[in-house]
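Source: prediction; values computed, not measured.
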Amino acid sequence: MAKSRRQFLAVTSAGLLGAAATRISKAQDLTKMPPGSPSAFGAGPEVSVTTFAEAEKLVRVEMTAADRAQAAASWSKTMAGLYERRTGPRKIALESTLAPASRWDPILPGEKSWPSRSRFVRSSAEPSPLPANDEDIAFATVTQLSRWIESRKLTSERLTQIYLKRLKQFDPKLHCVITLTEQQALSQARQADQEIAAGKYRGPLHGIPFGVKDLLDTAGIPTTYGAEPFRNRVPAEDSIVVHRLYQAGGVLVAKLSLGALALNDVWFGGQTMNPWLPEEGASGSSAGPGAATAAGLVAFSIGSETGGSIVSPSMRCGITGLRPTYGRVPRTGAMTLCWSLDKLGPMTRGVEDTMLVLDAISGPDAGDVASVPSQLDFDATASVKGLRVGFFPGWMKVRPATEVDRAALETVEKVGMVPIEVSIPDWPYGSMSIILFAEGAAAFEDLTLSHDVDQLKAQVPDAWPNIFRQARFLSAVDFVQADRLRRKVATEMARLFAEVDLLLVPSLRDEMLTTTNFTGHPSLTLRAGFVEVEKARSDWAPDPNHPLPTFSPPRRVPHGVTLIGRLFDEGTLARAGLALERAFHVMGERPPGF
């Protein structure tokens with residue numbers, strides 16, 4: 001997504017400056033307007049032939065002199081209704097909870113919906129001995145922690161105390177916590193212990209401490225979106241995902257950082273850092289969930305993705321991130337960036353953990369018109385033999401693919417799955433990003449037009465403030481064409497998944513990261529090995545005035561691969577991921593110093 005944004009910025013920036021310079025501020029006289037003229041045009045800048053000549057540069061079209069003259073003369077009348085909503089005496093506020101009437105449905109007409117049944121089978125129920133030290137307990141998976149709590153080898157209160165202590169100890173180094181919820185967490189933990197002692201065990205998340213990205217509403221607890229204008233925002237109700245985790249017996253220990261308004265890893269408190277390489281950012285926008293989960297500060301976390309915000313920090317921080325199918329997990333009570341793209345999903349230290357969390361948070365809610373009923377078929381004990389895994393031969397030979405990606409492809413065959421070469425057309429997939437830019441600018445229209453967006457720490461060309469401002473000048477025609485391309489791409493993905501059961505791709509390959517976010521396909525990113533880096537990595541465009549740190553000798557960091565699954569077929573995705581996780585043998589290593 002970052003590459004697509006930069007291409008967009010390069011094309012539009014010069015044109016925007018030109019258009020701004022030619023706007024005429026002379027106000028029209030209300031008394032001279034013909035009877036019946038829309039009141040929205042009683043005042044404001046005139047639109048001239050010159051305005052159109054400059055505006056052509058923004059959308060790369062060319063009009064004749066006669067075309068411009070006719071357009072300028074009739075613009076106010078033709079577009080009256082457009083401006084009446086925003087600037088006229090009958091202007092109307094659009095609540096932040098109000099979704100567009102149009103809705104993206106990832107399932108194409110006539111396409112089969114997976115899976116055909118609901119089933120959930122966990123791995124072996126035999127718990128291992130409880131470690132003697134707190135650090136080993138802190139880095140255990142939810143799968144293991146839940147067995148210790150269920151068998152009463154470990155109390156929720158002790159586990160919560162372990163994570164609260166670690167959050168306080170390591171947050172000054174990572175900047176991953178926005179709000180620590182200590183008192184509530186201890187109260188929830190004690191309640192969980194009392195219920196479990198009374199034989200009222202709710203399931204594998206009962207008594208498990210977790211953190212959520214600070215764009216999920218929590219009643220009475222600040223939910224800041226990581227952005228300066230919202231740092232004092234305290235919602236009255238819990239988001240549906242948080243509510244469902246509470247119902248499952250989960251213990252909220254922290255609201256975790258995100259890049260401001262869900263972009264990259266810089267928020268009003270600073271930059272969230274990678275536990276494996278503290279000189280670089282954790283990546284974003286689910287930066288806090290990525291860093292906290294990797295450093296053993298929470299048992300699991302909830303992140304969100306619009307264009308890579310679960311995949312990227314999961315890969316960089318060496319954890320497991322599941323981006324569910326669009327529509328499986330309701331977003332009620334979560335910050336909206338893009339109605340047709342936003343997804344909420346688990347970030348954990350193991351593949352099976354993602355499914356334990358997904359099972360608890362799935363299901364429709366009336367507050368999210370895009371959420372739908374769906375089934376979940378997962379069996380941790382089932383064989384993966386014969387599963388068809390598609391891969392793109394050319395992508396495996398060039399960056400961002402690494403030796404780890406190529407080795408992962410070999411492992412696919414070793415565990416009994418069948419690698420199959422696939423391809424997709426060479427289309428301009430990045431051009432769909434206009435949908436994200438337009439929806440994001442609409443979601444934060446008031447913030448942008450009031451100039452409160454100017455308060456955000458990041459004001460560089462590839463940050464939201466600039467993109468929201470530029471998006472006011474996007475072509476509605478181009479938006480519709482991008483939406484039509486989206487449907488065409490979805491048809492191509494349906495063809496692809498008729499040939500294979502899942503895909504193995506380099507995690508940050510632009511075409512697939514963009515495509516699957518727009519089509520709504522689920523993805524699972526998991527650590528597959530380690531690579532060496534000579535320079536810190538960043539989500540941001542290079543800044544010559546602030547070069548990134550370099551390392552000599554190179555530094556060793558985890559590297560993750562990504563599996564893409566059929567729509568609503570997260571069970572097969574996780575089953576394959578679990579087989580690969582066991583074969584890779586790399587998840588046990590921890591970031592040094594944590």
Side-chain angles (χ1 to χ4, degrees), residues 117-134 136-166 181-212 218-221 238-254 293 296 298-302 329-330 346 348-363 365 375-382 571 574 578:
R117 63 179 177 180
S118 286
R119 177 181 54 163
F120 202 99
V121 180
R122 297 185 61 181
S123 56
S124 172
E126 195 65 34
S128 61
L130 184 70
N133 67 77
D134 289 353
D136 290 339
I137 294 173
F139 276 98
T141 62
V142 174
T143 301
Q144 184 62 72
L145 291 170
S146 65
R147 297 300 189 191
W148 289 330
I149 287 180
E150 182 182 11
S151 61
R152 304 189 200 177
K153 293 182 178 181
L154 175 67
T155 65
S156 176
E157 184 172 4
R158 181 187 172 193
L159 183 58
T160 300
Q161 291 280 20
I162 289 172
Y163 284 128
L164 288 171
K165 180 181 178 180
R166 291 179 63 82
T181 57
E182 182 171 11
Q183 295 308 313
Q184 174 180 303
L186 291 172
S187 175
Q188 289 177 328
R190 290 167 188 143
Q191 179 183 342
D193 288 334
Q194 291 170 4
E195 290 177 350
I196 293 168
K200 299 177 181 178
Y201 184 63
R202 301 192 192 188
L205 300 187
H206 202 174
I208 302 293
F210 68 95
V212 298
T218 41
I221 301 170
D238 293 317
S239 60
I240 288 299
V241 163
V242 168
H243 172 72
R244 288 179 178 176
L245 291 173
Y246 288 165
Q247 291 296 106
V251 175
L252 178 67
V253 290
T293 304
V298 292
F300 72 90
S301 56
I302 300 294
V329 178
T348 68
R349 287 186 292 274
V351 172
E352 187 171 351
D353 291 6
T354 66
M355 301 305 287
L356 296 176
V357 179
L358 183 66
D359 191 40
I361 63 177
S362 292
D365 179 75
Q375 300 190 96
L376 183 60
D377 185 0
F378 171 66
D379 184 350
T381 66
L578 196 56

S.K.: Within the 4.5 Å heavy-atom criterion, are V142 and P204 side-chain neighbours or not?
M.R.: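 With C-beta onward as the side chain, the pair stays apart.
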
S.K.: Inspect the surroundings of NZ in K200 and state if more than 12 heavy atoms from other residues, nucleotides or ligands are less than 6.0 Å away.
M.R.: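 It does not: K200 NZ has 12 such atoms or fewer within range.
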
S.K.: Whether the side chain of Q188 engages the backbone of L252 through a donor-acceptor N/O pair (distance < 3.5 Å, no angle test) should be reported.
M.R.: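 Looks like yes, one N/O pair under 3.5 Å.
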
S.K.: Roughly how far, to the nearest 0.5 Å, is OG1 of T218 from CD of Q184?
M.R.: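 OG1 of T218 is found 7.5 Å from CD of Q184.
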
S.K.: Considering only heavy atoms from C-beta outward, does the side chain of M355 approach that of L376 to under 4.5 Å?
M.R.: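 Contact flag for M355/L376 side chains = yes.
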
S.K.: Are side-chain heavy atoms of Q161 and D134 found at a separation under 4.5 Å?
M.R.: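 No, side chains not in contact.
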
S.K.: Ignoring hydrogens and angles, tell me if any N or O in the side chain of R152 forms a donor-acceptor pair with the backbone of I196 under 3.5 Å.
M.R.: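 Yes, R152 side chain to I196 backbone: donor-acceptor pair under 3.5 Å.
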
S.K.: Can you sort out the partners of Y201 under ring-ring contact (aromatic ring centres under 6.0 Å, His included), two or more places apart, ordered by chain and number?
M.R.: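 Scan of Y201 (ring-ring contact (aromatic ring centres under 6.0 Å, His included), adjacent residues dropped) gives H206.
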
S.K.: Minimum heavy-atom separation for I302 to P346, with atom names?
M.R.: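 Reported closest heavy-atom pair: CD1-CA, 4.3 Å.
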
S.K.: Sub-3.5 Å donor-acceptor pair from the side chain of R117 to the main-chain atoms of D377, do we have one?
M.R.: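 No, the answer is negative, given that no donor and acceptor are paired below the 3.5 Å cut-off.
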
S.K.: Tell me whether the rings of Y246 and F210 are parallel (<30°), tilted (30 to 60°) or perpendicular (>60°).
M.R.: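 Tilted, since the angle between the ring planes falls between 30° and 60°.
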
S.K.: Taking the side chain from R166 and the backbone from G296, do they hold a donor-acceptor pair closer than 3.5 Å?
M.R.: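 Yes.
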
S.K.: When you compare the side chain of L245 with that of L205, does any pair of heavy atoms fall below 4.5 Å?
M.R.: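 When only atoms from C-beta onward are counted, L245 and L205 do touch, with a gap below 4.5 Å.
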
S.K.: Do side-chain atoms of S362 reach the backbone of V329 as a donor and acceptor pair under 3.5 angstrom?
M.R.: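 Judged by distance alone, no pair lies under 3.5 Å.
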
S.K.: Within the distance-only criterion (no hydrogens, no angle test), does the side chain of E352 pair as donor or acceptor with the backbone N or O of S123 below 3.5 angstrom?
M.R.: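 Present.
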
